[in-house]
Amino acid sequence: MDRRSFLQSAAGTIATASLRHTEAFAAPEKQNKMIGIQVGAVSFADEGVAKVLDECQQNASVDTLFVATFTYGRGIAGRQVPGQPLPDHGSQKYDTDTFFGGAYTKVHEKYYGNTAFKSFRAPDLGDYDVLEKVIPEAKKRGMKTICWYEDVFRRGLPNIDKLEEVELSGKKAVTLCFNNPDYFNWLQDIAEDWARSYEIDGIMWGSERQGAFSNVLGASHGHPNPMTATCFCEFCYAKARKRGIDPERARQGFLELAKFVEASRKGTRPVDGYYVQLWRLMLRYPELLAWENLWTSSLRDAQNGIYQRVKTVNPQLDVGWHIWHNNSFNPIYRAEQDLAEMAPYSDFLKVVIYHNCAGERMVDYIDSVGTSYFADVPKRELLEFHYRVLGYGDEKGIAELAAYGFSADYVLRETRRAREGLDGTKTLLWPGIDLDIPTAAKSAKCTPAGTKAAVLAAFHGGADGVILSRKYSEMRLENLRAAGAALKELGIVRS
Ligand SMILES: [Zn+2]
């Protein structure tokens, strides 16, 4: 391409991009916006499929169901988390004794020839097959169904030990390794099973994990023990060697890093300070970052693998990813989420932008890194630093943040940033919106006004849709109606 035609095509790209933004701001009703909601099988079993779909449609004009078809976690499956107030619909009992997790659909054995992990049917609801029940009712209403599964497992399942990661301590982890062929293949096999066995419209997968570097540093909400960081298994060692990374040097570096973090948590300050000591270790062991990058690129390989398999079965199906909330807190994790790089194997991205629970989660993150490599920085200043480097506005200070949560301005800024990150790609942006995600008793709770503001902000930021999260069984109907009110105000729905 010569310089002149390059300039012309560049100008064309910019013009198209700004036109799209103008349209998104001025007239969202002209576009085909997706209104999604995450629902677990237990809600359909408890309340009846028709009732759940009616509530979602009537209150919030939902047109796409993200049905939790596989997980061992309570974040997207099961009733309300025990200890949290029950919402104003559904069974008024906790499922403490019955929740187990697994696949909430039939397991068609023929698709699992390339993996040792074959026994994962959820026992919670007997032989209830959530897709068999939901899809016909959804189709009658013109609603789409997307299978939604996540990277959460439990110990003791048949053969699962063969797929488990290895911790820095040398013990087997509860998490599974993307570089282990039995897990890499399984992730694709289950997607193929759904794609061939049911009339679905797409697949979404999520992994709320990060590599060993951020895990040893405690750079997330939650304070993981440094020695539980992963992965140091034989498959990761082999992949590392192929890339010219010395696994033993890497492990040695991580043991030094873990020692540093454990001492920091006890208040033992290195002679030159915490932050300088981190840099010293990074310079001495460049393998630390190489190993972190190995883990993240393995996650990308897993996503790409799922994408290619599903497209081979049916190119019409939409395939996309849930991006973990840590993207809003840890700059290292954010650096690993290069949306443009993910775009070629992403029809859509659900970037988690949960405004309300973000408050207590950010405080938790600051508490964690504020006692490891940032232990020299007062937490009030450390939070301000993160607001600046992450591009946030005037959110609350450290003392009040958990009680207030983040504002709708955070949703606006994060949606805009993701939109710009995806510029020039065809990937659709569907931010995840917080509807009653559980928080501690004294932390902020979702309100109709806050929910409505968050939905408005997502569309003002240029979203192509929203995914109401995390699960219907924890949402209150007044907040669902508030999301619906925002959509009416935007002219996205008219009824
Ligand atoms: Zn591994």
Side-chain angles (χ1 to χ4, degrees), residues 40-41 66-73 76-77 100-124 127-132 134-135 145-165 173-209 231 233-236 238-239 297-322 342 345-347:
F66 292 77
V67 178
T69 40
F70 173 91
T71 184
Y72 282 96
I76 64 169
F100 189 86
Y104 292 92
T105 57
K106 283 194 184 72
V107 176
H108 301 90
E109 266 175 50
K110 60 184 170 181
Y111 298 117
Y112 302 89
N114 299 312
T115 177
F117 187 45
K118 297 170 194 288
S119 184
F120 47 83
R121 181 76 161 100
D124 320 13
D127 59 2
Y128 190 88
D129 182 325
V130 68
L131 292 179
E132 231 173 57
V134 169
I135 291 173
T145 302
I146 291 188
C147 293
W148 159 217
Y149 70 131
E150 62 168 1
D151 186 26
V152 177
F153 294 84
R154 59 160 68 221
R155 294 186 195 272
L157 302 166
N159 275 346
I160 199 159
D161 55 313
K162 292 179 183 157
L163 287 63
E164 284 165 354
E165 289 190 314
V174 67
T175 45
L176 308 187
C177 180
F178 303 130
N179 292 325
N180 185 317
D182 282 310
Y183 187 40
F184 185 79
N185 293 334
W186 180 87
L187 283 167
Q188 299 174 30
D189 293 345
I190 194 164
E192 176 166 355
D193 188 349
W194 292 322
R196 289 201 191 274
S197 310
Y198 305 92
E199 284 186 57
I200 58 169
D201 298 282
I203 303 250
M204 179 168 80
W205 180 65
S207 177
E208 299 201 327
R209 303 199 285 126
C231 177
C233 80
E234 53 171 319
F235 299 102
C236 288
K239 194 168 181 177
S297 65
S298 302
L299 166 65
R300 301 290 166 242
D301 291 346
Q303 291 171 327
N304 197 11
I306 295 167
Y307 187 85
Q308 302 306 338
R309 179 79 75 89
V310 174
K311 294 294 175 175
T312 306
V313 175
N314 181 355
Q316 301 303 315
L317 298 183
D318 284 328
V319 183
W321 325 108
H322 159 104
M342 295 166 71
Y345 49 86
S346 312
D347 294 319

Problem - Under 3.5 Å: donor-acceptor pair, side chain of Asn114, backbone of Asn185 - result: no
Practice task
Please report the closest heavy-atom contact between Leu131 and Cys147, naming both atoms and the distance.
Solution key: CD1-SG, 3.7 Å
Practice task
Give the minimum heavy-atom separation between Ser197 and His108, together with the two atoms involved.
Solution key: OG-ND1, 3.3 Å
Practice task
Considering non-hydrogen atoms only, spot the tightest contact between Pro123 and Gly101 and give its length.
Solution key: CD-O, 3.7 Å
Exercise for the section: Flag the pair Trp186 / Leu176 as yes when at least one side-chain heavy-atom distance between them is below 4.5 Å, and no otherwise. Expected result: no
Handout entry: Heavy-atom pair of closest approach, residues Ala103 and Phe70
Key = N-CD1, 3.6 Å
Problem - Sidechain-backbone polar pair: Arg309 side chain, Ile190 backbone, donor-acceptor under 3.5 Å - result: no
Problem - Short side-chain to backbone donor-acceptor contact, Asn179 and Cys236, under 3.5 Å - result: no
Handout entry: Distance in Å, Glu192 CD paired with Tyr111 OH, rounded so as to fall on 0.5 Å steps
Key = 6.5 Å
Problem - Residues Tyr149, Trp194; criterion ring-ring contact (aromatic ring centres under 6.0 Å, His included); working and verdict - result: CA-CA 11 Å; Tyr149 70 131; Trp194 292 322; 5.0 Å; yes
Practice task
Give a yes or no on whether a salt bridge exists between Asp193 and Lys106, defined as a side-chain N under 4.0 angstrom from a carboxylate O.
Solution key: no
Handout entry: Ion pair Lys311/Asp347, N-O distance below 4.0 Å
Key = yes
Problem - Reported CG-to-OG distance for the pair Asn304 and Ser346, which is rounded to 0.5 angstrom - result: 9.0 Å
Handout entry: Heavy-atom side-chain proximity of Asp301 to Lys239 below 4.5 angstrom
Key = yes
Handout entry: Flag side-chain contact, heavy atom, 4.5 Å: Leu187 against Phe178
Key = yes
Practice task
For Gln303 and Trp321, work out which heavy atoms get closest and say how close.
Solution key: O-CH2, 3.1 Å
Practice task
Step through it carefully: locate the ring centre of Phe235, locate the ring centre of Tyr183, and say whether they are under 6.0 Å apart.
Solution key: no
Problem - Closest approach of Arg154 to Leu157 (non-hydrogen atoms, all atoms of both residues) - result: O-CD1, 3.7 Å
Side-chain donor-acceptor pairs of residues 201-208 under 3.5 Å, sequence neighbours excluded:
from	atom 1	to	atom 2	distance (Å)
Asp201	OD2	Thr145	N	2.9
Ser207	OG	Asp151	OD2	2.7
Glu208	OE2	His322	NE2	2.7

Exercise for the section: Quick one: do Phe117 and Ile160 satisfy side chain to side chain contact (heavy atoms under 4.5 Å, CB included)? Show the steps, please. Expected result: CA-CA 6 Å; Phe117 187 45; Ile160 199 159; 4.0 Å; yes
Practice task
Could you point out which residue of Glu165, Glu164, Glu234 forms a side chain to side chain contact (heavy atoms under 4.5 Å, CB included) with Cys177?
Solution key: Glu165
Practice task
May I ask you to test the Phe153-Leu163 pair for a side-chain heavy-atom distance under 4.5 Å?
Solution key: no
Handout entry: Asn180 side-chain N/O to Lys162 backbone N/O, donor-acceptor pair under 3.5 Å
Key = yes
Practice task
Could you tell me whether Glu199 atom CD has more than 12 heavy atoms of other residues or ligands within 6.0 Å of it?
Solution key: no
Problem - Note, Arg196 side chain near Lys110 side chain (heavy atom, < 4.5 Å) - result: no
Handout entry: Close side-chain approach of Met342 and Arg300, heavy atoms under 4.5 Å
Key = yes
Practice task
Measure the spacing between CD1 of Ile76 and OG1 of Thr69 and express it to the nearest 0.5 Å.
Solution key: 7.5 Å
Problem - Min side-chain heavy-atom separation Tyr72-Phe100 under 4.5 Å - result: yes
Problem - Spacing of CG belonging to Asp182 relative to OG1 belonging to Thr115, to within rounding of 0.5 Å - result: 4.5 Å
